[in-house]
Amino acid sequence: KNEVEQSPQNLTAQEGEFITINCSYSVGISALHWLQQHPGGGIVSLFMLSSGKKKHGRLIATINIQEKHSSLHITASHPRDSAVYICAVRPSGGGADGLTFGKGTHLIIQP
Amino acid sequence: DTGVSQNPRHKITKRGQNVTFRCDPISEHNRLYWYRQTLGQGPEFLTYFQNEAQLEKSRLLSDRFSAERPKGSFSTLEIQRTEQGDSAMYLCASSENRKTNEKLFFGSGTQLSVL
């Protein structure tokens with residue numbers, strides 16, 4: 001079982017819709033990242049969270065440490081939001097310092 | 001700030017050949033990470049450096065893989081005797097070393113195809 005699970009795997013929505021992507025993880029973490037990957041490979045870091053909620057433009061990320069769950073919301077979605085959204089966690093308590101990634105959610109926003 | 005730069009962008013090689021990739025991190029970043037990503041999957045951690053020291057290696061990194069960061073600036077990832085299963089996107093990322101959790105900056109990756 002993957003340590004980081006994302007849902008849904010694929011999501012197609014109409015322009016303007018409110019989008020929610022979920023991430024659940026099974027290990028203790030020191031931080032959670034939301035990343036955006038466009039075709040061709042480029043990855044952009046959207047948020048880094050260790051508690052609470054962060055907002056940037058139309059994007060909102062929340063995390064519930066007790067429930068080991070995070071959500072990424074997109075308000076007033078636009079076709080340019082179409083991308084793969086990846087959740088990644090930094091496990092706490094030692095071990096590899098790299099991130100553990102989910103498989104990503106492939107989002108398509110249709111005009 | 002020119003961002004994280006990776007070269008080459010694409011590499012096609014025959015099975016059994018050696019390949020080397022280069023990553024130039026953001027200049028003031030002293031942490032550098034290598035990840036591998038196959039189609040439809042999230043990236044997988046390979047190794048990371050703090051300055052020139054290689055602090056952690058994933059079990060995914062077989063003895064055919066070696067990474068260096070000799071002067072604490074750019075890094076190279078070499079794969080010897082490539083196999084078809086090595087075909088993937090190899091991603092580099094860098095960050096500042098801060099006690100608070102740091103934001104990662106990714107390069108565009110090197111797409112390796114082993115024929």
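Atoms considered below: every heavy atom in the structure, side chains included; atoms not considered: hydrogens, waters and symmetry mates. Note on naming: letters A, B, ... go to the chains in the order of the sequence lines (proteins, then strands), and numbering restarts at 1 for each one.
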Q: Write down the atom of B:Pro43, the atom of A:Ile43, and the distance for their closest heavy-atom approach.
A: CG-CD1, 4.1 Å

Q | Reported CD-to-NZ distance for the pair B:Gln37 and A:Lys103, which is rounded to 0.5 angstrom | A | 12.5 Å

Q | Over 12 foreign heavy atoms within 6.0 Å of CD1, A:Ile65 | A | yes

Q) Is B:Phe106 close to A:Leu35 at the side-chain level, that is, under 4.5 Å between some pair of heavy atoms? A) yes

Q: Count the heavy atoms of every other residue, nucleotide or ligand shown that sit under 6.0 Å from CD of A:Gln9, and state whether that count exceeds 12.
A: no

Q: Report, as yes or no, whether the 6.0 Å neighbourhood of atom CG on B:Leu39 holds more than 12 heavy atoms from other residues, nucleotides or ligands.
A: no

Q) CG/A:Leu99 to CD/B:Glu44 distance, rounded to the nearest 0.5 angstrom? A) 13.0 Å

Q | Distance in Å, A:Phe101 CZ paired with B:Phe45 CZ, rounded so as to fall on 0.5 Å steps | A | 10.0 Å

Q) Would a hydrophobic clustering, with Ile, Leu, Val, Met, Phe, Trp and Tyr connected at side-chain separations under 4.5 Å, put A:Val4 with A:Val27? A) yes

Q) Do you know which two heavy atoms are closest between B:Leu104 and A:His33, and how far apart they sit? A) N-CE1, 4.4 Å

Q: Write out all pairs satisfying salt bridge (Lys or Arg N to Asp or Glu O under 4.0 Å) with one or both partners inside residues 44-72 of chain A, taking only residues at least two apart or from two chains.
A: A:Arg58-A:Asp81

Q. Is atom CD of B:Glu68 surrounded by more than 12 heavy atoms (other residues, nucleotides or ligands) closer than 6.0 Å?
A. no

**Q.** Separation between OG of B:Ser108 and NE2 of A:His38, rounded to the nearest 0.5 Å
**A.** 12.0 Å

